[in-house]
Novice: 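I'd like to ask you about the structure that follows.
Only heavy atoms go into these numbers, but all of them, side chains included; no hydrogens, no water, no symmetry mates. In the text below, chain A, chain B and the rest are named by the order of the sequence lines, each starting its count at 1.
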Amino acid sequence: MSITIQFPDGDSRQYDSAMTPLQIASDISEGLGRVAIAAELDGEPVDLSRQIDTGDHTLRILTRHDPESLKVLRHTAAHIMANAVRNLYGDKVQYTVGPALMDDFQYGFYYDFDLPESLSTDDLGKIESEMKRIIKARTPLERIELTPAEAKERMTAIGQEYKVRMIDDLLTAENVETISFYNQGDFVDMCRGPHLPDTGKLKAFKLQTVAGAYWRGDENNKMLTRIYGTAFFDKKELAEHLERIEEARKRDHRILGKQLGLFTLSDEVGPGLPLWLPKGTIIRMELEGWLRGELLKRGYQAVMTPHIGRLDLYRTSGHYPYYEHGLFPTLPMGEDDGYLLKPMNCPHHIQIYKSSQRSYRELPIRFSEFGTVYRFEKSGDLNGLTRVRGFTQDDAHIFCSPQQLEVEITSCVELTKLVLDTLGLNDYRVRIGLRDPDSSKYTGSSENWNLAEQNIRNVVRDVGLDYTEESGEAAFYGPKIDFVINDCIGREWQLGTIQVDYNLPERFALEYIGSDNAPHRPIMIHRAPLGSPERFIGILIEHFAGAFPLWLAPVQVAVLPVSEKCADYATEQTRILKDNGIRAELDDSPEKIGAKIRRATLDKVPYMLILGQKEADAGTVAVRHRTEGDFGAVGIDGFIADIRTEIETKGSQCVADRVLETEDR
RNA sequence: GCCGACGUAGCUCAACGGUAGAGCACAGCUUUCGUAAAGCUGAGGUUGUGGGUUCGAUUCCCACCGUCGGCCCCA
């Protein structure tokens, strides 16, 4: 018998009896044996106790510095939690799945149980204590392999119905020959592994929350109890992680929106119907105003349409009844069919297209509108500004010929990138949403869908975007390019979207007269670079932690007289700023200057002008930046010129930066 | 919609069977002050809504509404 083990560094070793990765690691060095977590044998993750009998193999010993190790650690943590839950709640507990989470911002693992009783967060402490007991016992995790028949028999015997179903699925999907289990003392769980060698290796973990989760994510199935937790190699990393979550929560747009007076939600108006306060409205108007200008440059024509339309319009479009569950109920109109609050702007824009005969000479036609739409989101889905029931889309519909299509899509992609770049939102991913081939929720022919999907792929390839393709993410009328961004706690939100649509033009029988004097069918692009100002600003609040760049800041300059003696001078300077289009606010409260500075700073006002007797005498203003501190006194004209530059360049030329550069020299 | 938690002054929180309190914010007065919190006084609450248990409910129970964390779905 001979085994040859090849290591990643090119080194190799030979053994003439069966070895385990742990033995091999210890053979390399005692220290490596001690710190080994798991191993990768011929590219497959395995336990340290995996028997290697014969042949040539490649082997990587995984230590805590390999990312795969954390996954093993967390996966074992999930098992230890399951063991604890079994100990506490008895043999009636049904186990389902309990994976490690490596990409989630908050959570490190979960396990879904079917429990005889319901659980609350108060129970987590108890479960943690039991986990600690199991860890202290340093129970080894032993892998055993059974044939599918044996596995089913065993799981049936102990009443684990979900595991039986999982075995059946494994047989159908992968036609496996063996099913692996891990014994952990008297606790057995079906699992692919690998795991830590014993429970004592888990040093730092925390159970975070308990939530409901449908079996297999299907709402027709039973709701299981999911416990989320996380685990790290040491307590310091865990503490840092929990601290990071706490810090991130302070950026939460719902909290900042309240603190900074940007928006509010009123129970009496209705859930998911945000109300924009004056300061939030400024941000919206600035953002929308800028975008309107960019649209004008790009040949868009603004249009305006009402918030409701006849039910029949949405039958034609296909929104009704496909999307009925997502709509507010129909407004009844006696004999008439009734009206719907519009869930999308496209049918209205299509009617504008149809309001006259169109020639190929007009194409592409680009109708834009900040159109407010209404969708009846499930109550549990509502979330601050990021998921609401009444929201605006920075919408436009481009009607074009096949020859123009890809150029137009490209231009939409570039506009979306401009928006994200200008605001410094660099941390996003691009998703191409395709049909789910098994679903019937889409409208239109397969040929049209194939064409549209090809158009989209061509464009992203030419533009050079990194992207992932995901089936089932398409709109019901066509595939799309989505720009997806995370919120402060790592939840993904779709912002900008570009959708190619061959189907609605068909459903509405749209035409233009071609150069051949014959009617042709245009293709539509639906696109929204922000997606929705509501959601976009929600994300933006978190991105800037409420400290907006000067051009968006609700108050750009706080004018702070040192005492009431300088009130007249301060009033005059405020007047001058306002006359120059600067959003200035005078703080004429009887507070001391320190208190005024503190207030303006907490309100995240970018600039403060401190005005005392000195400034009044010299006819200057003392400039203070929110984060950079005192800049010294300058003439008001110079100050206005500087911040105007900063406003016009959307912060890319910042007064603070220039002053700091000067100081560096 | 489903599972779980939560809902007390404008905001952040306390009191948890004996009839509600603090800080900030707000109002009045005093102070006129130089780069992140001056002092005093005052006002502010049918404790989300509606039922129930109880001599008595903010506290215990039920229903509804809303919020939060998840699941599903989506801009």
Side-chain angles (χ1 to χ4, degrees), chain A residues 106-107 110 112 115 118-123 208-228 249 252 254-255 258-259 261 264-268 270-272 323 325-326 343-344 373 375-388 391-395 433 441 472-473 475-476 480 482-484 489 491-497 499 526 528 530-536 538-539 560-567 590-602 608-615 622-626 629-632:
Chain A
Q106 297 189 77
Y107 306 125
Y110 67 81
D112 285 351
L115 287 171
S118 68
L119 227 59
S120 81
T121 40
D122 297 340
D123 300 312
Q208 291 162 294
T209 192
V210 41
Y214 297 107
W215 163 241
R216 292 189 173 141
D218 185 336
E219 63 183 326
N220 299 311
N221 289 338
K222 184 165 184 186
M223 175 140 303
L224 306 171
T225 303
R226 173 173 297 183
I227 303 176
Y228 280 100
R249 292 210 165 125
D252 189 319
R254 293 164 299 190
I255 294 168
K258 196 178 274 182
Q259 276 172 7
T264 190
L265 289 153
S266 155
D267 193 357
E268 283 160 79
Y323 262 37
H325 65 278
M344 285 182 175
V373 297
R375 299 182 187 175
F376 196 81
E377 300 292 347
K378 291 183 206 161
S379 58
D381 288 344
L382 299 174
N383 187 282
L385 287 180
T386 48
R387 187 51 138 309
V388 293
F391 64 97
T392 307
Q393 295 179 315
D394 57 326
D395 213 352
K441 72 171 186 178
E473 292 291 335
F476 77 92
K480 53 183 187 161
D482 288 332
F483 291 74
V484 181
I489 55 169
R491 289 178 295 209
E492 286 198 328
W493 300 101
Q494 177 193 316
L495 297 182
T497 182
Q499 310 170 349
H526 310 237
L530 304 177
S532 147
E534 285 84 356
R535 178 179 286 180
F536 193 88
I539 294 294
L560 312 179
V562 171
S563 81
E564 277 173 32
K565 286 179 186 161
C566 335
E591 297 290 341
K592 291 167 77 170
I593 191 66
K596 294 184 189 185
I597 289 170
R598 177 179 158 81
R599 189 185 315 179
T601 307
L602 292 178
M608 289 163 249
L609 297 184
I610 318 292
L611 303 183
Q613 203 53 53
K614 271 188 296 188
E615 288 75 22
V623 180
R624 181 186 164 97
H625 185 264
R626 190 180 65 83
D630 193 357
F631 285 0

Novice: Please identify each residue that fulfils side-chain hydrogen bond (donor to acceptor under 3.5 Å, both in side chains) with A:D218, with sequence neighbours left out.
Specialist: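 A:D218 satisfies side-chain hydrogen bond (donor to acceptor under 3.5 Å, both in side chains) with A:N220 once adjacent residues are dropped.
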Novice: Can you tell me, in whole Å, how much space there is between the C1' of B:C16 and that of B:C6?
Specialist: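 Approximately 15 Å lies between the C1' atom of B:C16 and that of B:C6.
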Novice: Using a cut-off of strictly less than 4.0 Å, decide whether A:Q494 has a side-chain nitrogen or oxygen near OP1 or OP2 of B:A75.
Specialist: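 A:Q494 to B:A75 OP1/OP2: side-chain N or O found under 4.0 Å.
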Novice: With rounding to the nearest 0.5 angstrom, report the CD1 to CD distance, A:I539 to A:Q494.
Specialist: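 Between atom CD1 of A:I539 and atom CD of A:Q494 there are 11.5 Å.
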Novice: For A:Y214, give me all partners under ring-ring contact (aromatic ring centres under 6.0 Å, His included), at least two apart in sequence or on another chain.
Specialist: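 Partners of A:Y214 under the ring-ring contact (aromatic ring centres under 6.0 Å, His included) test: none.
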Novice: Starting at CZ of A:R375 and ending at P of B:C74, how long is that distance when rounded to a whole Å?
Specialist: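 Between P of B:C74 and CZ of A:R375: 10 Å.
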Novice: Starting at atom CZ of A:F476, determine the distance to atom C1' of B:A75, rounded to an integer number of angstrom.
Specialist: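 One finds 14 Å between C1' of B:A75 and CZ of A:F476, rounded.
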Novice: Could I get the full list of side-chain hydrogen bond (donor to acceptor under 3.5 Å, both in side chains) partners for A:D395, not counting sequence neighbours?
Specialist: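 Partners of A:D395 by the side-chain hydrogen bond (donor to acceptor under 3.5 Å, both in side chains) criterion, ordered by chain and then number, come out as A:N345.
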Novice: Base, sugar-phosphate, or nothing for A:E564, non-hydrogen atoms under 4.0 angstrom?
Specialist: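 A:E564: base contact, heavy atoms under 4.0 Å.
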Novice: Round to the nearest Å and state the distance from A:R535 atom CZ to B:C74 atom P.
Specialist: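 Whole-Å distance recorded here is 12 Å.
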Novice: Determine the interatomic distance between C1' on B:G1 and the same-named atom on B:C64; round to the nearest Å.
Specialist: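 Roughly 16 Å separates the two C1' atoms.
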Novice: So, the side chain of A:R226 versus the backbone of A:Y110: is there a donor-acceptor pair under 3.5 Å, distance only?
Specialist: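 The answer is no, because no donor-acceptor pair under 3.5 Å joins these two groups.
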Novice: Rounding to a whole Å, what distance do you find between A:H325:NE2 and B:C72:P?
Specialist: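 Nearest whole value for this atom pair: 15 Å.
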Novice: Using the C1' atom as the reference point in each nucleotide, state the distance between B:G23 and B:U8 in Å, no decimals.
Specialist: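 Comparing C1' positions in B:G23 and B:U8 gives a spacing of 15 Å.
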Novice: For atom P, what is the distance between B:U49 and B:C2, given to the nearest Å?
Specialist: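 Going atom to atom, P in each nucleotide, I get 23 Å.
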Novice: Measure from CD on A:E377 to P on B:G66 and round the result to the nearest Å.
Specialist: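 Atom CD in A:E377 sits about 15 Å away from atom P in B:G66.
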Novice: Looking for any heavy atom pair under 4.0 Å, which part of the strands does A:V373 touch: base, sugar-phosphate only, or nothing?
Specialist: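 No contact.
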Novice: For B:G34, take OP1 and OP2 only and decide whether either is under 4.0 Å from a side-chain N or O of A:K596.
Specialist: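 For A:K596, the contact criterion (side-chain N or O under 4.0 Å from OP1 or OP2 of B:G34) is not met.
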Novice: As a check on the pairing definition, encode RNA chain B in dot-bracket form, counting Watson-Crick and G-U wobble pairs whose two distances are under 3.5 Å, and using | for partners outside this strand.
Specialist: (((((((..((((....[..)))).(((((.......))))).....(((((..]....))))))))))))....
Novice: Could you list the residues that satisfy side chain to side chain contact (heavy atoms under 4.5 Å, CB included) with A:L602, not counting sequence neighbours?
Specialist: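 With neighbours one apart ignored, the set is A:R598.
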Novice: Can you tell me if A:R624 uses its side chain to pair, donor with acceptor, with the backbone of A:D630 under 3.5 Å?
Specialist: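 Answer holds: no.
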Novice: Confirm from the modelled atom types if A:K565 and B:C33 form a donor-acceptor pair under 3.5 Å, side chain to base only.
Specialist: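 No pair found.
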Novice: Measure across A:D394 and A:P533 and return the closest heavy-atom pair with its distance rounded to 0.1 Å.
Specialist: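 Looking at all heavy atoms of both residues, the shortest contact is N-CD, 4.1 Å.
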Novice: For B:C40 and B:C65, measure between their P atoms and round to the nearest Å.
Specialist: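 Result for the P pair: 47 Å, nearest Å.
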Novice: Identify each atom pair where a protein N or O and an N or O of nucleotides 67-70 of chain B are less than 3.5 Å apart, giving names and distance.
Specialist:
from	atom 1	to	atom 2	distance (Å)
B:C68	OP1	A:R254	NH1	3.3
B:C68	O3'	A:R254	NH1	3.3
B:G69	OP1	A:R254	NH1	3.3
B:G69	OP1	A:R254	NH2	2.7
B:G69	OP1	A:R491	NH1	3.1
B:G69	OP1	A:R491	NH2	3.2
B:G69	OP2	A:R254	NH1	3.1
B:G69	OP2	A:N383	ND2	3.2
B:G69	O2'	A:Y107	OH	3.2
B:G70	OP1	A:Q106	NE2	3.1
B:G70	OP2	A:R491	NH1	2.9
B:G70	O3'	A:Y228	OH	3.1
B:G70	N2	A:G212	O	3.4
B:G70	N3	A:G212	O	3.4

Novice: Looking at every strand, decide which applies to A:G612 at a 4.0 Å heavy-atom threshold: base, sugar-phosphate, or nothing.
Specialist: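 Base contact - A:G612 has a heavy atom under 4.0 Å of at least one base atom.
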Novice: Using the C1' atom in both, what is the distance from B:G42 to B:U67, to the nearest Å?
Specialist: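 Nearest-Å result for B:G42 against B:U67 at atom C1': 33 Å.
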Novice: What residues, two or more places apart in sequence or in another chain, satisfy side chain to side chain contact (heavy atoms under 4.5 Å, CB included) together with A:Q208?
Specialist: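 A:Q208 satisfies side chain to side chain contact (heavy atoms under 4.5 Å, CB included) with A:Y107, A:K206, A:T230, A:H241, A:L242, A:I245 once adjacent residues are dropped.
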Novice: A:T392: what forms a side-chain hydrogen bond (donor to acceptor under 3.5 Å, both in side chains) with it, not counting sequence neighbours?
Specialist: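 Partners of A:T392 under the side-chain hydrogen bond (donor to acceptor under 3.5 Å, both in side chains) test: A:R284, A:T372, A:E534.
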Novice: Of the listed nucleotides (B:C72, B:U32, B:C74), which one gets closest to any side-chain atom of A:K378?
Specialist: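 Minimum distance to the A:K378 side chain belongs to B:C72.
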Novice: Output a table of nitrogen or oxygen pairs between the protein and nucleotides 5-11 of chain B separated by less than 3.5 Å.
Specialist:
none

Novice: Rounding to the closest angstrom, what is the interatomic distance between B:C71 and B:A15 at atom C1'?
Specialist: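 After rounding to an integer number of Å, I get 36 Å for this pair.
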Novice: Could you tell me how far apart A:E492 (CD) and B:C72 (C1') are, to the nearest whole angstrom?
Specialist: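 Rounding to the nearest Å, CD of A:E492 and C1' of B:C72 are 16 Å apart.
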Novice: My understanding is that only residues two or more places apart in sequence, or in another chain, count here; which of them pass side-chain hydrogen bond (donor to acceptor under 3.5 Å, both in side chains) with A:W215?
Specialist: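 Here no residue qualifies.
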Novice: Does the side chain of A:Q106 come under 3.5 Å of the side chain of A:R249 through a donor N or O and an acceptor N or O?
Specialist: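 Yes, side-chain donor-acceptor contact under 3.5 Å.
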Novice: In this structure, how many angstroms lie between the C1' atom of B:C74 and the CD atom of A:Q499, rounded?
Specialist: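 Computing the A:Q499:CD to B:C74:C1' distance gives 11 Å.
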Novice: Sequence neighbours left out, what passes ring-ring contact (aromatic ring centres under 6.0 Å, His included) with A:F391? Give chain and number order.
Specialist: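 Scan of A:F391 (ring-ring contact (aromatic ring centres under 6.0 Å, His included), adjacent residues dropped) gives none.
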Novice: With rounding to the closest Å, how many angstrom separate the P atoms on B:G10 and B:G44?
Specialist: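 Each nucleotide's P atom is 12 Å from the other's.
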Novice: Which is more 5' along RNA chain B, the nucleotide nearest A:T497 or the one nearest A:Q613? Just name the residue.
Specialist: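 Result of the comparison: A:Q613.
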Novice: I would like to know whether A:T601 and A:M608 meet side-chain contact (heavy atoms from CB on, under 4.5 Å); could you show each step before the answer?
Specialist: CA-CA 9 Å; A:T601 307; A:M608 289 163 249; 3.4 Å; yes
Novice: Please encode protein proximity along nucleotides 35-49 of chain B as a string of B, S and -, counting only heavy-atom distances under 4.0 Å.
Specialist: BBBS-----------
Novice: Base, sugar-phosphate alone, or nothing: which one does A:K480 contact when heavy atoms must sit under 4.0 Å apart?
Specialist: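 Touches sugar-phosphate only.
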Novice: Does A:T225 make a side-chain N or O approach to OP1 or OP2 of B:C3 shorter than 4.0 Å?
Specialist: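 So the side chain of A:T225 is outside the cut-off, no N or O lying under 4.0 Å from OP1 or OP2 of B:C3.
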Novice: How many Å lie between CG on A:L224 and C1' on B:G4, as a whole number?
Specialist: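 Distance check: A:L224 CG to B:G4 C1' gives 14 Å.
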Novice: Judged by atom type as modelled, is there a donor-acceptor pair below 3.5 Å linking the side chain of A:D482 to the main-chain atoms of A:L495?
Specialist: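 Pair absent, no side-chain N/O of A:D482 close to backbone of A:L495.
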Novice: Hey, which of these two, A:D218 or A:E534, hits RNA chain B nearer its 5' end, going by closest nucleotide?
Specialist: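 Closest to the 5' end, via its nearest nucleotide, is A:D218.
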Novice: Sub-3.5 Å donor-acceptor pair from the side chain of A:K596 to the main-chain atoms of A:P561, do we have one?
Specialist: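 Yes, because the side chain of A:K596 sits within donor-acceptor range (under 3.5 Å) of the backbone of A:P561.
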